A.B. asks: 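Okay, here's the structure, questions in a sec.
Side chains included, hydrogens not; waters and symmetry mates left out as well; all remaining heavy atoms used. Both counts, for ligands and for their atoms, begin at 1 and track the order of listing. Computed from a prediction, not measured in an experiment: that's the story for all the values here.
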Amino acid sequence: MTDDKKSAQEFKLDPDNELRFEVESKNEKVYLILKAGLAEVFGTEIVKGKTYEFSSGAKVAIYTWQGCTIEVKGKTDVIYVAKETPMVTYSNCHAALEFMRIEADKENKKGPTAMIVGPNDVGKSTVCRILLNYAVRMGRRPIFVDLDMGQGQISIPGTIGALLIERPAAIDEGFSQEAPLVYHFGHKTPSANITLSEMLINQLANTVKERLEVNKKTRSSGVIINTCGWIKGGGYKQVLHAAKSFEVDVIMVLDQERLYNELVRDIPNFVKVVFLQKSGGVVERSKTARSESRDQRIREYFYGTPKNSMYPHSFDVKWSEIKLYKIGAPPLPDSCLPLGMKADDHLTKLVLLTPNPGILHHLLAVSFAEKDDDEILLNHVAGFVCVTNVDNERQTITLLSPQPKPLPNNILLFSELQFMDSH
Ligand code: ATP
């Protein structure tokens, strides 16, 4: 069977097999129908007879516990059936977490907080999705925390956040983004400002803890944390920092034995550290593919998905109507530091910016902060706008925004991330 065959192809899968495919060509669509049996995509059950649509960039695995027949229509770039998958191990991890949730329920305590770590492209986000889907299918309401600033699944790149999971992820569009809790970081990798990143992780951890305290069901369901693939040097310190902040009970290490051994050495004994194989299906992404996927996420933030289009607004605001801040000032040499100021304090300093051509195409976070003081840094954000024009003469900027005018707040934070609006 050729890969690029346009007509329908039928696959009969034995139990514990997985059909994997990728859609790469632009504007190509691939359709999938479950004809018989039971199957799931990253933990979400497929409805028999329903047509699912996948577009360019999709990398999908259809796994079956019982065996099934699947029809695939359209041009896939790769398509094959894998007989070896780590799904049984992942399902055992779910069972262990579920056991901890049952215990938590009995004692009215906090359920498990599990963090998934590993290098880039080992399937960390996918494992989180599988564990969350399995939990929600058992009637749990876990919190998903995403600390991956570059390729996260909550809000847009350059942020960290948390989401209450109330239903399984949609097969083609992921988890529904209702009322996410989002913190603005403004860079695509934590190495750009480790001090700020650690402060935001603490803040997010505290807010998540508060939410667990007030909601019994969520408390016993626990938390699943996704992390970024930066795990060497400063990245490893961040992993330790996040583990401590969130008081994790379990760390699942994907693929890398060295990281596993380092964590066993450095993490207190009451935290379980487990090693998991990565799936042979996880697709490595090049730098370009990562950058395209960031663009895609931002585009979807403003314009929605093919199934769920959105129509953003464009409007002008006067420079005098907003307060635009950038986080982080240039460093001062040690000898010039004012008394009592630490050498890295500049990293979390708020600098007021006058709009200028340098902010064109940049994203700006709309803060929830009520006062413009240092707390702005740690406030979560209402959403994002993109600067599509800077008019020096009229002293206005044009913003692309998911909401119509007026902005929910006049305090805006500059992001290093850019979006070229080609619509
Ligand atoms: P990052 O380094 O960006 O954080 P990650 O480790 O979180 O990546 P994922 O995003 O989970 O990795 O997976 C990378 C890609 O591989 C995704 O597009 C995902 O859909 C795909 N993928 C994961 N598991 C499978 C599988 N079993 N079969 C086919 N594709 C898969």
Side-chain angles (χ1 to χ4, degrees), residues 3 11 13 16-24 30 32 39-44 46 52 54-65 70 72 76-91 114-133 144-154 156-160 169-175 188-191 224-232 235 238-239 242 252-256 259 276-297:
D3 277 354
F11 295 88
L13 269 65
D16 192 28
N17 281 191
E18 186 169 271
L19 172 71
R20 297 171 183 160
F21 68 82
E22 286 177 48
V23 189
E24 278 200 347
V30 171
L32 176 127
E40 56 185 45
V41 172
F42 305 135
T44 307
I46 304 183
Y52 294 94
F54 297 91
S55 36
S56 163
K59 298 168 180 42
V60 191
I62 298 106
Y63 178 80
T64 178
W65 291 100
I70 298 164
V72 179
T76 50
D77 292 76
V78 187
I79 189 158
Y80 65 97
V81 175
K83 298 206 174 293
E84 302 241 331
T85 80
M87 285 301 285
V88 171
T89 319
Y90 297 170
S91 154
M115 185 162 92
I116 324 300
V117 300
N120 280 335
D121 298 326
V122 288
K124 297 180 296 301
S125 316
T126 308
V127 171
C128 288
R129 180 160 162 179
I130 293 170
L131 294 174
L132 289 161
N133 277 333
F144 173 40
V145 168
D146 204 336
L147 301 179
D148 189 350
M149 289 135 180
Q151 306 282 325
Q153 294 164 87
I154 301 174
I156 59 165
T159 64
I160 59 172
I171 285 183
D172 35 9
E173 301 198 326
F175 289 110
K188 51 183 189 283
T189 145
S191 60
I224 305 278
I225 307 170
N226 185 29
T227 55
C228 72
W230 183 44
I231 48 162
K232 282 201 187 137
Q238 286 252 311
V239 170
M252 299 180 190
V253 187
L254 270 167
D255 193 53
Q256 207 188 76
L259 176 63
L276 300 177
Q277 300 286 352
K278 79 165 186 182
S279 163
V282 179
V283 185
E284 263 187 46
R285 285 174 288 187
S286 61
K287 241 183 153 176
T288 331
R290 287 178 172 272
S291 152
E292 274 169 13
S293 113
R294 277 194 293 274
D295 275 353
Q296 168 90 352
R297 267 211 87 77

A.B. asks: Once side-chain hydrogen bond (donor to acceptor under 3.5 Å, both in side chains) is applied, do any residues pair with Glu22, and if so which ones, sequence neighbours excluded?
C.D. replies: none
A.B. asks: Using the test ring-ring contact (aromatic ring centres under 6.0 Å, His included), find all partners of Tyr63 that sit at least two apart in sequence or belong to another chain.
C.D. replies: Trp65
A.B. asks: Nearest 0.5 Å, please: how far is CD1 in Ile116 from CG in Asp148?
C.D. replies: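 Between atom CG of Asp148 and atom CD1 of Ile116 there are 12.5 Å.
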A.B. asks: List the protein residues in contact with ligand 1, where contact means a heavy-atom separation under 4.0 angstrom.
C.D. replies: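 Lining ligand 1: Glu18, Arg20, Phe42, Lys59, Val60, Ala61, Asn120, Asp121, Val122, Gly123, Lys124, Ser125, Thr126, Asp148, Gln151, Ser279, Gly281, Val282, Val283, Arg285, Arg290.
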A.B. asks: Looking at side-chain heavy atoms only, is the closest gap between Gln153 and Ser125 below 4.5 Å?
C.D. replies: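 Side-chain contact under 4.5 Å: yes.
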A.B. asks: Show me, pair by pair, the donor-acceptor contacts under 3.5 angstrom made by side chains of residues 54-62, not counting sequence neighbours?
C.D. replies:
unit_1	atom_1	unit_2	atom_2	d
Ser56	OG	Glu24	O	3.2
Lys59	NZ	Gly57	O	3.4

A.B. asks: Check the pair Phe144, Arg129 against side chain to side chain contact (heavy atoms under 4.5 Å, CB included), reporting the backbone distance first and the verdict last.
C.D. replies: CA-CA 9 Å; Phe144 173 40; Arg129 180 160 162 179; over 6 Å; no
